[in-house]
Amino acid sequence: MSHQKSFQYADLLSVLERVVDIMSAPDQYSYPSVFIYGHRATGKSHVVLSIMKDLELPHASVDCVECVSSGLLFHQVLSAFFGPDAAALLPRCPSLSDFVRLYKQMSSNSPATQTRYIILDRAERMRDMDFSLLPALLRLQELVNDNVTVILLSEIVWEKFRPNTGCFEPLLFHFPDYSKGKSLVQILSWDHHPSYTPELYASYINILLGVFFSVCRDLRELRHLAVLNFSKFCEPLEKGEAKESDIHKLWKNIEPHLQRAMQTVYLREVSSVQWEQQQMDEKEATTLRVLSAHAHIELPYYSKFLLIAAYLASFNPARTDRRFFLKSHGKIRKTNFLKKHEKTSNHLLGPKPFPLDRLMAIFYSVVDSRVAPTASVFSQISSLVTLQLLSQVGHDDQLDSPKYKCSVSLDFILAISRCVCVCVRLLDLLALSLVIQSQVVRQERSLFTAVSNLHLL
Amino acid sequence: MGNCSNEHRGTSFSASAASLSNPLICSSINTFFFLDKYIFSQKSCDGKNIGTYSTASLLALSIIDLCETFYCHLGVNVPDHAMTFRSLCNLLQDSVTPFVVSVHAKECAGVYFCISTLTIRIIGLLQKSTQVFPQRTESLTNSDFPQSLPVVVIFKDFEAFNSQVLQDFILICSRYTQELPFIFIFGIATSPSAIQHRLPHSVSSLLCIEVFHSLSCTQHLASVFDKLILNSQFPFKLSSRVIQVLVGIFLYHDFSVQNFVKGLQFSMLEHFKSQPLSMLCCQKQEALLSAKTLSKKNVERIRHLPSFMRYVETQEPQEQVRLLTNDEHVKEVCQKLLKNLHKYHKNYYPILQCLHSLTSSLPKFPLGKHIRELHVSCIEKNLWETEEYDSALQLLRILAKDELVAALRKCAEILKSTKILQNVLQQLEDFIGRLEALEEDSSGNGIISGKMEYQKTDLFQLQKTLLEKESRRTKRMNPFEVLRSQVIEFIDSLVREYLTPAELQPLNEVCYYSSSGVLRQRLNVTPRTSIQAALSHPFYYLQNESLKTDAGTISSAAPDLCIVYKLHLECGRLINLYDWLEAFLTVMSAAEDQDTNSEDARFIQAVSEMEFLGFIKSTKQKTDHVARLTWGGC
């Protein structure tokens, strides 16, 4: 722990000097508010908290995700500074002025000998809370007349925080990202394996970064991956097939393995334990199983048709239904069949809402057998909504002709229609021809006749 | 809605079904049903926990705080999931940790609600186990909570959760994971990629995920079928149509094994309620005993059974007279027939399984992929008269030797496990032995056929020699082919002997429930048709003699709503309210003296009820008109 910290200090030396500068005179009034930002895993909270711990400063650390109401924030701050008894004095739904009043009262009883720090992690959540909370916290020192500093930690720049009405400007610090070449390799090399030389581990880290750096710069994630894959890297060494100097050989061995790890472990499709087991087996079958499970979805027969009907309703204009789904549609003139704005690809425009009646009408014409409008058919629609394959437009309470949208992709629908029947496949193609708009109307015409022939059959 | 009502109906029946004569079915339904799932969940929890703990501690060293997470990937059927999770929850509480909490998406509209339900439940569990009373969330995390035990949170319906709520919840939990280990179990109905759709990488990287797949619904159905329907121990049977209705509901509508079992319970209840002779539908000894003491009424009922009448027709004339006049004789015959029926069932299922194991490996599955399809076609009609059976036998006739031997061995295994039909087993083993003894001879044959005389031939001669060869081959089969055709003959004879349709067995009505129409009406309800039936034929539901009318006429005795409904069927898209009222008054005037004032009021009330039912709505297109919302009828 300690060596790591010292390293981070070195890395962020300029920033840290200033931070520590602020905290170096605890008996004097400090700057009222400090804002620290930097990307994930750049060590913001770690640095601040370890300074607090090392210098034994009084502090209250609050994660803003937890504070669903500002009352919880006040409660945590008060109980950290003055003990749970003080926090219990807060009224049931405390306002900001309650907090300030109570804080004043408490601090007059036990005035601060050192600067007190309130550390607010994930401060971007504060923007969703009461609009007056953030400006007030920024000048809390003035309000409560106590030696207190508020430190805000965030992944977002200060400009996004500034309220319309203006506020007290906090002291800004930026924690820079780790650069690939120097700092990441160095940091990751800190936890090298005792039985191997640091040089070997460093070269391993270089290979790892070569694969993962393009998708992931999160230090924690990278460390996790490094630990996970190191045993695989060392395998040739243990078997005696390669020496530590054969970097190229080792690289050849580990590279495809890392690529596979990027597809599965990084996406959290399998856990690290399962991944290790797969490494043991080293069988392609297991990875195949995982991948096939990825695409597969099991639906009852009519649910599939309902989903197809929903897709067709969502991506075809309602005017064309008569033509597509009726056996004897009237002759419609080719030229003005599609209005100009409808010729733009419906896929680019996204799914459109459709009423339940239209969905059911298309459903009945798409299913080849006669279906009774049973209660279970309707309950399948609501279960599709629960699975988020359909989404209900408007409010849930709307009982009278609710509207839905289809929220699955074309590939998904194609996969489903492939397993139900051929006729649907054709219908689907037809929808495609309309959707993708690459085909001219004449080609569509031939498809329509093919479909209507099928219907007649 | 359909699910809900079904479920309600089902529970009330399962309670009453237990009090009926068949406790066997109920108990077995409850016990076997989760056997597979138990095994699955055993694997998911016990086996993995040790492993994941070790990695969790490893990861804790490298700062990453991971909440362990299990996905349970289940198919889409909501009623089954509730049961799976309940059993999983109980299992975890018994074996891993007492702190198992399951939350529902409906309870978690916001993070606050999510955490408060969780906390309330954990406090409840804590009070139960250690009698500690923490007051608030934070004091709970700091209190003397048993350190080593993790808190398991089960998210029953992962898809339905608001993703923002879930993200916040996971972030909060990850902060406390050092003091209080969390394990999440997500129930996912669609595909594991759902987690990437719901959670951003910053959140999902906090989790250490393992995926478990439950068995597919069809596999569950197959096991239910094996244990309940393809089992000679249960006296209660379903006819082919009923099976088709139940399986149809399963495959087309809900994929829910639980609903299937409820359908089974319901049909059992219907059977015992509607068929008085179902008193004979019990274990063999009891059935024989109650057959001895049949009442006069029941004997008469037996005589009226179609299958019994068919049986009588096949007998000698004097025997026929005795059967129709002598009650005691009927009772004796009845006992004999019941014995036959039980024996038929005992032999039927092993042979069915044998036939299935033989044909299930054939290409294109001529007799169906699943044993249930084979069963349905067997009890429906004479299997050996169907085309599918012929093509299956054709395919069996061209099996290679090792395949045939393997298939026969499987059959022998099945017969061995049942311990009946020992003579059939004997014959089968005999065949297997002879097939294996052929080993040496057949190799000799191959050499002879391999020897070819090469001569210079013209096309005609070549054709002739080829034809000759063809005819010679058909004439002279090698010993294996002879034996193979014997085996096929033997199988065919078995099928003809044992797989006769159940509907031809005398007294099958005692055990077989066959009214599929009732079942479909009850289980697969169509709300709209029943409303229309109620409105156009009020007698159907009210069962009042005065309501019986001929088709097309409107009786004034019917409820006002029915009269108004029938009158509105004659109108077009827009209905003139005044004309409607006049027509209503005309119908009412057919009845005795009534004051017109109240009739106006009744008409208005009926019209507003029609609007409430969704048949009409008010319109602004024309004054004094309402618009029809349904099609047809004019």
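Just so it is clear: chains get the letters A, B, ... in the order the sequence lines come, proteins before strands, and each one is counted from 1. Because only heavy atoms are used, hydrogens play no part in the values below, and waters and symmetry mates are left out as well, while side chains stay in.
Proximity to chain A involves both the backbone and the side chain of B:Ser202, based on heavy atoms less than 4.5 angstrom apart. Contact of B:Arg520 with chain A is not made at all, since no heavy-atom distance falls under 4.5 Å.
When all heavy atoms of A:Arg122 and B:Leu171 are compared, the closest pair comes out as NH2-CD2, 3.4 Å. In this structure, B:Glu159 and A:Gln388 approach most closely via the heavy-atom pair O-NE2, 3.1 Å. Among all heavy-atom pairs drawn from B:Thr526 and A:Ala372, the shortest one is CG2-CB, 3.8 Å. Summarising the geometry of A:Pro373 relative to B:Pro527, their closest heavy-atom pair is O-CD, 4.0 Å, with the distance given to 0.1 Å.
Between B:Phe255 and A:Pro300, some side-chain heavy-atom pair lies under the 4.5 Å cut-off. In this structure, A:Arg125 and B:Asp168 have side chains that are in contact, with non-hydrogen atoms separated by less than 4.5 Å. Side chains of B:His253 and A:Val377 form a contact here, defined as non-hydrogen atoms less than 4.5 Å apart. A 4.5 Å side-chain heavy-atom check between A:Glu66 and B:Tyr176 finds at least one atom pair inside the cut-off.
Checking B:Ile249, B:Asn524, B:Val525, B:Leu523 one by one against A:Thr374, the side-chain contact (heavy atoms from CB on, under 4.5 Å) holds for a single residue, B:Asn524.
Distance check: B:Tyr252 OH to A:Phe305 CZ gives 9.0 Å after rounding to the nearest 0.5 Å. Remark: B:Asp157 CG to A:Ser383 OG distance equals 12.0 Å, nearest 0.5 Å. Rounding to the nearest 0.5 Å places OG of B:Ser174 at 8.0 Å from CG of A:Asp63.
Heavy-atom contacts from other residues, nucleotides or ligands closer than 6.0 Å to OH of A:Tyr364 number more than 12.
Of the N and O atoms on the side chains of B:Asp254 and A:Ser376, not one donor lies less than 3.5 Å from an acceptor on the other residue.
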